[in-house]
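Throughout, numbering of the chain's residues begins at 1 and tracks the sequence. In listed order, ligands and their atoms are each counted from 1. Hydrogens, waters and symmetry mates are skipped; everything else that's a heavy atom, side chains included, is used.
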Amino acid sequence: MNLHTFYKITSFCCLVFFSLLNIAFGQINPTYLRTEYKVNPFVEEAKPRLSWELEGKGFNKSQSAYQIMVASSEGLLEKNKADLWDSKKVSGNNTNQIEYSGKSIASGQRVYWKVKAWDEKDKEGKWSEIQSWELAKPDANDWQAKWIGIDLNHLAEKAEYHLPPSPYLRKQANLSKKIKSARLYISSLGLHNFYINGEKIGKDFFASGWTDYNKRVYYNVYDVSDKLKAGENVFGAILSNGWYAGYLGYALLVGSPQVKQFYGKFPLLKAQVEVQYEDGSKEQIITDGSWKTSTGAILESDFLEGEKHDARLEPIDWDKVDFDDSKWKNIQVFEDKPGQLLQLYPSNPVRVVEELKAKSIKKIAEGKYIVDFGQNFAGNIHLKLRGKLGDSLVFRYGEMLFPDGSLMVDNLRKARATDTYIFKGDKVEEWSPSFTFHGFQFVEISGLKEEPKLDFLTGLALSSDLDQVGHFESDNAMLNQLYSNIIWTQRANYIDIPTDCPQRDERLGWTGDAQVYMRSAIFNADVAPFHKKWIQDLHDSQWPNGAYPVYSPMPVNEQGVAAIRASDAFSPGWSEAGIICTYEIFKAYNDHRIVRESLPFMNKFMAFLKARTKDGVLKEKSFEDVNPKGGFGDWLSVGEKTSPDLLATTYYFYCNKLMAEMCRAIGDLQLANDYEKESLTVKNGFKKHYMEESGRLKTNSALYGNGEGYVEGQNGFAGHTQTAYANALYSGILNEEDQILAGKFLRELVEANDNKLTTGFLGFKPLLPALTSSGSSDKAYQLLQSTEYPSLGYEVVNGATSIWERWDSFTKDKGFIHNAAMNSFSHYAFGSVNEWMFENMLGIKAKANGYQEIYIQPEIGNYGINKASGSFRSMAGNIKSGWTKTNGELIQQIEIPVNVKAFCFVPVTETASIQINGEPIDNNNIVKSIKKMEGKVMVELGSGNYTIKSKI
Ligand code: RAM
């Protein structure tokens with residue numbers, strides 16, 4: 001035996017020995033314990049839901065039972081004294097959505113928990129690390145603080161934009177004894193920064209978020225134990241209008257009677273600091289009439305218009321002890337508004353998620369420079385520079401440059417997006433706006449006396465601070481850039497609410513964009529807390545007739561109509577977000593509670609739709625009462641227009657199907673059956689109305705007359721379009737034979753169009769999935785890799801670092817061919833292709849809700865891609881899938897988390913050529929089962945890391 005063989009044999013024996021050891025002796029241990037999707041959070045739920053992931057070496061590990069202990073102190077828990085809840089050993093493989101079922105917890109009480117698990121052989125694992133949650137302030141009676149604020153609107157009169165200065169608020173208070181712990185409970189109508197003894201509390205931006213403030217206002221909680229001291233302390237706040245009283249959307253652009261102050265005239269603050277002394281006594285500092293106020297350095301601040309900061313006017317040490325506030329005014333106190341709920345902010349706060357270095361600086365005129373950050377993002381700048389007293393810099397923000405190097409701001413429409421900083425001039429000054437953000441890559445700076453070193457400006461990317469859970473890469477550089485563009489665009493538009501765009505005078509929670517993008521978003525970030533908030537926003541903004549609006553939150557005027565633009569009401573493809581977004585959260589996170597809580601609102605919406613149907617279809621011209629007529633349809637499609645009624649009917653079917661599934665899951669079988677029945681009626685109606693004998697889809701185009709009032713109605717409407725087939729296939733409205741026909745027609749349509757897409761927002765999301773499900777993955781790959789107009793690749797080769805609103809927002813040869821009136825370079829809607837990249841290219845698909853059972857079914861063929869890999873950290877753990885094709889061999893690299901069962905597909909007909917971790921797959925004890933199917937082999941696997949090789 002030569003040395004090489006000896007090593008091979010010994011290492012093989014070691015491998016077998018250790019694998020057996022793992023199989024036989026491995027235990028599983030819980031990690032990443034979360035409460036209501038968060039680590040050690042404040043919660044408001046009396047019965048918060050607990051979850052964990054499991055770690056365990058070897059293969060096929062799963063949980064057969066768990067035990068949770070909850071105690072009022074860490075010390076008790078360490079001694080296994082669960083004074084609040086001991087679940088005892090509970091059999092089952094649940095690791096998610098487990099409701100706390102112990103003694104009731106008091107407001108302000110922090111409780112500690114741990115969990116252990118038994119594996120599939122009933123072997124007991126170790127206790128997890130101890131984690132905790134704290135009950136915030138669910139009871140309104142616990143609030144002593146009052147709303148305080150001051151009307152400074154008179155200081156903003158006569159200017160072009162109405163931008164009052166920010167009020168500064170302060171209060172000094174004595175804390176007489178030694179402090180054990182302290183909490184700050186804080187809410188604002190509008191935005192706030194809060195300071196204790198000169199230090200800003202928290203790194204959050206734009207609290208307390210955007211809601212329908214007439215119904216619901218959020219508060220946040222901070223542990224401020226180490227910010228306070230015995231003796232004198234100073235509490236300070238700066239307020240800004242934000243979404244509450246600032247400019248919103250395109251109201252100025254469209255000439256609405258109201259352009260700002262949609263919820264109130266000026267910002268208000270409510271804050272309560274609760275101090276626990278070492279001796280057990282308590283003390284509260286609350287916002288009330290004893291607070292003082294003045295103006296300061298922030299002269300203007302508004303999301304759309306920007307911020308102006310005059311450092312000369314900073315009241316020095318205003319937020320520290322012994323500042324003389326005798327010249328400050330008394331603050332005013334305001335009553336609570338009846339019906340306005342005060343609740344804990346459910347989402348993750350907006351924070352700086354990345355800092356970007358400036359890539360270049362170019363002089364474009366005397367004193368005028370352009371800084372390029374090399375990446376389109378949403379956020380702010382951080383300035384670090386020395387200037388003279390009274391020198392000022394003006395910053396303007398843009399996503400693109402004109403060919404002459406000047407800043408392109410036409411597409412911002414009426415958003416002024418301009419910041420100003422005025423130096424006080426003593427030393428190097430640092431500044432960053434607090435109460436605005438911009439969507440940009442380039443900053444134009446006027447007023448520079450000389451060219452500064454490039455590090456004088458940093459970019460601060462802002463986003464709701466959600467854990468990134470996805471990864472994607474391939475051997476195609478264009479696709480890798482596309483994935484990066486998707487991630488950046490999601491970040492830029494997940495700022496408290498999911499917006500259409502972050503730059504122009506819009507930035508609204510457009511529901512159509514959100515629903516088409518929803519599953520894509522889930523693969524990138526842990527969006528459960530974010531959408532827990534926005535789904536509530538959706539319900540709060542439901543119209544009295546039951547329709548969900550076209551964007552949410554939706555400010556409404558006294559007449560009950562949309563205040564930003566009166567015609568903004570509801571639309572097929574948009575309003576369905578109320579069902580679809582809820583469903584996606586339910587599926588991905590196995591969240592039943594969101595279904596239960598959403599059910600009354602969803603039922604009301606379904607009844608609204610049903611009332612508009614006849615013979616199961618949304619009658620032709622059934623949405624004539626909205627503007628544009630028929631709704632937005634397949635927004636920004638190319639050329640042919642799809643019948644809006646056909647689309648609305650497909651959506652109606654899809655929603656009935658999702659409702660049936662959700663109702664069944666929560667045990668409402670009667671409702672589930674009703675929705676199921678209705679979905680059959682729609683299915684039949686659809687076939688009767690919209691399908692010819694041949695399976696070709698049709699529509700009665702004559703009904704729309706000359707098309708006036710419809711989106712691009714002059715082109716007429718058709719049923720035989722890529723969008724119609726893609727939606728019909730994706731929604732499941734077709735029976736099996738018709739699916740085959742639709743797949744054929746879809747393929748033909750793509751081919752007849754020179755292998756190019758014609759789809760808009762509603763058509764593009766299902767296009768690639770529908771091509772794959774109907775056997776045309778080759779076409780899906782072709783569309784994905786295309787770099788010709790119209791395609792996402794076209795954007796990439798034209799220099800995009802984000803997803804654009806239009807297929808041709810910019811082209812190297814033609815420039816900005818569109819009226820820049822509606823041309824965003826950060827619009828995630830077409831990023832909905834991410835769903836296909838994860839579900840079909842990597843092949844990671846949920847079989848059971850919450851990803852406890854999955855498929856790994858990548859589409860692998862001779863489609864120009866030889867390597868793709870990625871991962872998705874699901875609720876059940878991190879799933880990895882990768883594949884490489886070389887010289888007739890396919891290598892699939894798969895990682896399945898503990899407690900997850902995977903059905904993995906190998907695209908060969910015989911098992912003989914398949915090896916798993918170096919061993920033939922047949923009679924292999926790590927494989928649970930093997931099933932030969934048409935053109936592929938399905939391998940059932942449990943947890944573990946696998947390398948599957950096959951000859952292709
Ligand atoms: C645009 C928005 C959005 C779209 C609507 C219909 O103004 O940017 O993306 O959903 O119109």
Side-chain angles (χ1 to χ4, degrees), residues 248-256 303-304 376 378 399 410-415 439 486 489-490 492-495 497-518 520-521 534 537-538 541 547-555 562 564-578 580-581 623 626-638 641-642 644 647-648 651 709-713 723 759-765 795 802-809 818-832:
L248 288 183
Y250 36 56
L252 264 177
L253 180 80
V254 301
S256 289
F303 281 132
L304 301 179
N376 185 312
E399 299 184 283
D410 298 0
N411 69 332
L412 304 185
R413 302 189 306 211
K414 291 279 182 191
I486 292 170
T489 310
Q490 179 168 335
N493 284 291
Y494 268 48
I495 293 187
I497 60 159
T499 55
D500 57 333
C501 58
Q503 72 299 85
R504 68 176 177 230
D505 57 349
E506 193 145 353
R507 312 183 189 190
L508 299 170
W510 281 96
T511 46
D513 310 40
Q515 70 86 2
V516 297
Y517 186 71
M518 185 77 190
S520 290
W534 193 64
D537 291 337
L538 278 170
S541 58
Y548 286 105
V550 291
Y551 49 82
S552 179
M554 167 63 75
I564 293 176
R565 176 172 67 183
S567 60
D568 293 337
F570 46 88
S571 166
W574 272 249
S575 303
E576 290 86 343
I580 295 170
C581 295
F623 284 90
V626 294
N627 187 358
K629 281 185 184 172
F632 297 112
D634 188 22
W635 190 245
L636 302 184
S637 60
V638 188
K641 278 275 134 191
T642 305
L647 271 179
Y651 265 97
Y710 293 86
V711 177
E712 291 167 34
T723 291
T759 49
F761 281 20
L762 300 188
F764 187 56
K765 140 144 182 158
E795 301 180 1
S802 49
I803 303 291
W804 298 348
E805 179 170 25
R806 297 172 178 272
W807 292 118
D808 57 351
S809 283
H818 284 287
N819 178 354
M822 199 192 87
N823 199 16
S824 143
F825 292 88
S826 182
H827 234 75
Y828 60 52
F830 287 139
S832 62

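Proximity of Y517 to P498: side-chain heavy atoms (C-beta onward) are nowhere separated by under 4.5 Å. A 4.5 Å side-chain heavy-atom check between S552 and W534 finds at least one atom pair inside the cut-off.
Taking a 4.0 Å cut-off on heavy atoms, W574 registers as neighbouring ligand 1. In this structure, R504 counts as a contact residue of ligand 1, since one of its heavy atoms falls inside 4.0 Å of the ligand. Taking 4.0 Å as the cut-off, F761 counts as a neighbour of ligand 1 on heavy-atom distance.
The protein heavy-atom contact nearest to atom 10 (O) of ligand 1 is D513 OD1, 2.6 Å. Shortest contact from atom 7 (O) of ligand 1 to any protein heavy atom: E506 OE2, 2.5 Å.
Residue W510 has no N or O atom closer than 3.5 Å to an N or O atom of ligand 1.
The number of heavy atoms from other shown groups lying within 6.0 Å of NZ (K629) is above 12.
Atoms of ligand 1 found under 4.0 Å from any heavy atom of E805 (numbered from 1 in listed order, with element): 8 (O). Those atoms of ligand 1 with a heavy atom of D500 less than 4.0 angstrom away are 2 (C), 3 (C), 8 (O), 9 (O). Taking every non-hydrogen atom of H827 and a distance limit under 4.0 Å, the qualifying atoms of ligand 1 come out as 3 (C), 8 (O), 9 (O).
Neither the backbone nor the side chain of R565 has a heavy atom within less than 4.0 Å of ligand 1.
Checked against a 6.0 Å centroid threshold, the rings of F761 and W510 do not count as neighbours.
In this structure, a donor-acceptor pair under 3.5 Å is absent between the side chains of T642 and D634.
Below 30°, between 30° and 60°, or above 60°: for F623 and F570 the angle between ring planes is above 60°, a perpendicular geometry.
Exactly one residue among Q503, R507, E506, R504 makes a side-chain contact (heavy atoms from CB on, under 4.5 Å) with L304. That residue is R507.
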